[in-house]
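Take a look at the structure below.
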Protein chains: 2
Amino acid sequence: MGKRVTILDVAAEAGVSRQTVTRAMNDMADISVSTRQRVLDAADRLGYRPSRFARNLVTRKKTNALGLVVASFRNPYYTDIAADMLSGAAERGWQVLLAPAVGELSDILERLSGQVDVLVGHFGGPEADLREACRGLPVVNLETVSTLPGLHSVHVGLEAGIVEAIGALRERGARRFGMVDAGYSRGTLGAYEPTPRRGWFERAVGDQLTGVVVADEDTISGGGHAFGELLRRHPDTDAVLMFNDLMALGAVQNAHALGIDVPGRVRIVGVDGLSLGEAVNPPLTTISIDRQGLASKTLDIAEILAEADFASIAPIHRTVRTEMLWRASA
Amino acid sequence: MGKRVTILDVAAEAGVSRQTVTRAMNDMADISVSTRQRVLDAADRLGYRPSRFARNLVTRKKTNALGLVVASFRNPYYTDIAADMLSGAAERGWQVLLAPAVGELSDILERLSGQVDVLVGHFGGPEADLREACRGLPVVNLETVSTLPGLHSVHVGLEAGIVEAIGALRERGARRFGMVDAGYSRGTLGAYEPTPRRGWFERAVGDQLTGVVVADEDTISGGGHAFGELLRRHPDTDAVLMFNDLMALGAVQNAHALGIDVPGRVRIVGVDGLSLGEAVNPPLTTISIDRQGLASKTLDIAEILAEADFASIAPIHRTVRTEMLWRASA
DNA sequence: CGACGTGCCGTGAACATTCACGGCACCGTG
DNA sequence: CACGGTGCCGTGAATGTTCACGGCACGTCG
């Protein structure tokens, strides 16, 4: 049951041929007004809707589809990127299929792989797994430089941004640096692995490091708690780099609750450049990531991949810059 | 150029038949290991990827696709809904195609209509337009009761929530009520049309109304400014309903900047139930909307629509309840 | 030696639609 | 009447893949 109603059913119902139904449905010429109406009525009566597969199969309009795996919908950073990706894709005539990053990577790819032409997302896991999971499907890895063939990437030049931020903080008098890192559960549960930005931070501050606290959660409250913990353990800290803006928001919030003057006693810097940072007191200073550039560069790569023969294509890598956004928290 | 590489090309390259290529690609039985490898190599060499259209055409697995039009990516309320919709859809084996609500409605629908089975979104415009724009495509209208056939809806019982909130505020001593409404540019640019929730609010407060200010922007800062304006014009206001949480965040923020005690002098209540409300000082009291319920009910309807014959189906309407979330701002 | 099962592979059909082309009736014109 | 043009409609072909089935070679067993 649930037999699909095809164009032939409509044709029979209206007493015409397939082609005439097509003409009626697609507002084409060579059909009389009465016939068109009769066909339309029949289609309506039967609830006919052309199969999108059969249609796209024959009129291969090359309507490209891009599969976007969103790391988290609870962090505006990712939804901003998704938004930019969506509007950019619409401009270029691309379709976007979205999937949340829940469950096993292989499951997600399983769902998407048959439906899209290019896969895009923040894939943290091992490259080999990723490459294996989607054989033949080109992948654009966001914020992760990949080396395997078939894996392209858009990288964020955050290291330079951190160096710049630390330098500027020094000019403003900061001498004792601390950081709140995010828990990176890559693989085994609860296993903490330092994030790349922690390494860049530690290299930048050198011996002026007071300490690093790893937050339990990649959230506002998680960042707030970790910030409090950091200052409890290292009270002499006078500048803190928060893993991202969301957590930095919690830090500013918690500093206010603890009666810690920002930026008087502690300067707080986030990463991302969320506009949400303007809504807090004091407004958040942040290393802003050009999310729009990230999206457009990704789409550039996607377009190249769609055009090319895919067989003979070397990994493409692009980089977006960061920019200091001095507000008031640092 | 750009000639698509089909299964026949791979078959020729590997010196086998179509079916053998299928067997190799889909990990099927009845194929020797060496042949499979040879086919896989050939496919890799040619960059072959099966046409998703042809595949889905023949194995009509009924992989339903849902078109989701997201009103705004800058408001967590909508991204929350999208997130719930996405994960719910994944569980039910649905595909989700996302489109941002930019440009003309007809353009958006034009892009999506050929690709999806059901359309879902916050469509504000006139029903007739909507109905016309997607003939034959079932639509689930979010937060708007629709009357035309083919237009189903999930409605939020916000009126009851507002009544409950006002009652509770009265019990807490509030006597002078104000509201910040959102500018609703439906149709002509800049034309303000009162939102439904303004009407519900005014009916609930009766003669205890001090005033209503319409915000320029549906944002944090827009809400903050409007809140300030409201208190400037009606200093005796002791309770304010903000159009949504995002704007309420701005109100709390601005109250702090203006030295207005919350909830001491003014009680502030938002609408939506965003977790973001916890991150501000004082935490935001809000009329929480069950976004997850909204998403799941929407998917329920979508499933019914996908099963049914569509022809003989009456408009389906569901309602989600609201729940007061007492935090500290009221 | 013949019958039968099994591993491996290939061919016709089907999926639902659109495109290209051809046909039929009708009308007007020379 | 012959001819060409036009409005309307229908038939073969094509799209790229999978499913159902059939065939061939080889080995085993009675």
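The sequence lines fix the lettering, A, B, ..., with proteins before strands; numbering per chain opens at 1. Only a predicted model underlies this, so the values are computations on that prediction, with no experimental measurement involved.
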Query raised in the report: Of all residues at least two apart in sequence or in a different chain, which pass the salt bridge (charged side-chain N to carboxylate O under 4.0 Å, His left out) check with Arg92(A)?
Result: Asp300(A), Glu303(A)
Ignoring backbone atoms, establish whether [X] has a side-chain N or O less than 4.0 Å from OP1 or OP2 of [N].
X: Thr20(A); N: dC9(D); result: no
X: Thr22(B); N: dT17(D); result: no
X: Ser51(B); N: dG16(D); result: no
X: Asn56(A); N: dT17(C); result: no
X: Thr59(A); N: dT18(C); result: no
X: Ser32(B); N: dG7(C); result: no

Query raised in the report: Do Leu97(B) and Leu66(B) have side chains that get closer than 4.5 Å, going by heavy atoms?
Result: no
Rounded to whole Å, please give me the gap between [atom1] in [X] and [atom2] in [N].
X: Arg38(A); N: dC8(D); atom1: CZ; atom2: P; value: 13 Å
X: Met25(A); N: dT17(C); atom1: CE; atom2: C1'; value: 12 Å
X: Met28(A); N: dA20(C); atom1: CE; atom2: C1'; value: 11 Å
X: Gln37(A); N: dC9(D); atom1: CD; atom2: P; value: 13 Å
X: Ile7(A); N: dA14(D); atom1: CD1; atom2: P; value: 19 Å
X: Ile31(A); N: dT6(D); atom1: CD1; atom2: C1'; value: 16 Å
X: Arg55(B); N: dA16(C); atom1: CZ; atom2: P; value: 18 Å
X: Arg36(B); N: dC8(C); atom1: CZ; atom2: P; value: 10 Å

Does [X] reach the main-chain N or O of [Y] with its side chain, forming a donor-acceptor pair under 3.5 Å?
X: Thr59(A); Y: Arg55(A); answer: yes
X: Arg38(A); Y: Val33(A); answer: no
X: Thr35(A); Y: Ile31(A); answer: no
X: Asp9(B); Y: Thr6(B); answer: yes

Query - Ionic contact status for Arg74(A) with Asp80(B), cut-off 4.0 Å - result: yes
Requested in this report: Could you pick out which residue, Arg18(A) or Ser34(A), lies toward the 5' side of DNA chain D when each is mapped onto its nearest nucleotide?
Outcome: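 Closer to the 5' end of DNA chain D: Ser34(A).
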Query - Angle by which the axis turns from one end of the helix from dC1(C)-dG30(D) to dG30(C)-dC1(D) to the other, five pairs per end, to 10 degrees - result: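 One end's axis against the other's: 60°.
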Report task. Test His122(B) against every option in Asn141(B), Thr144(B), Ile81(B), Val70(B) by the side chain to side chain contact (heavy atoms under 4.5 Å, CB included) rule and name the one that passes. Result ->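 By the side chain to side chain contact (heavy atoms under 4.5 Å, CB included) criterion, His122(B) pairs with just one of Asn141(B), Thr144(B), Ile81(B), Val70(B): Ile81(B).
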Requested in this report: Examine the base of dG16(D) for any acceptor or donor lying under 3.5 Å from a partner atom in the side chain of Arg49(B), and report the outcome as yes or no.
Outcome: no
Query raised in the report: Counting only distance, no hydrogens or angles, is the base of dG16(D) paired donor-acceptor with the side chain of Arg52(B) under 3.5 Å?
Result: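 Answer is no: no donor-acceptor pair is held.
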Requested in this report: Report the residue (Leu57(B) or Asp30(B)) whose heavy-atom-nearest nucleotide on DNA chain C is the more 5′ of the two.
Outcome: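 With Leu57(B) and Asp30(B) compared, the 5'-side residue is Asp30(B).
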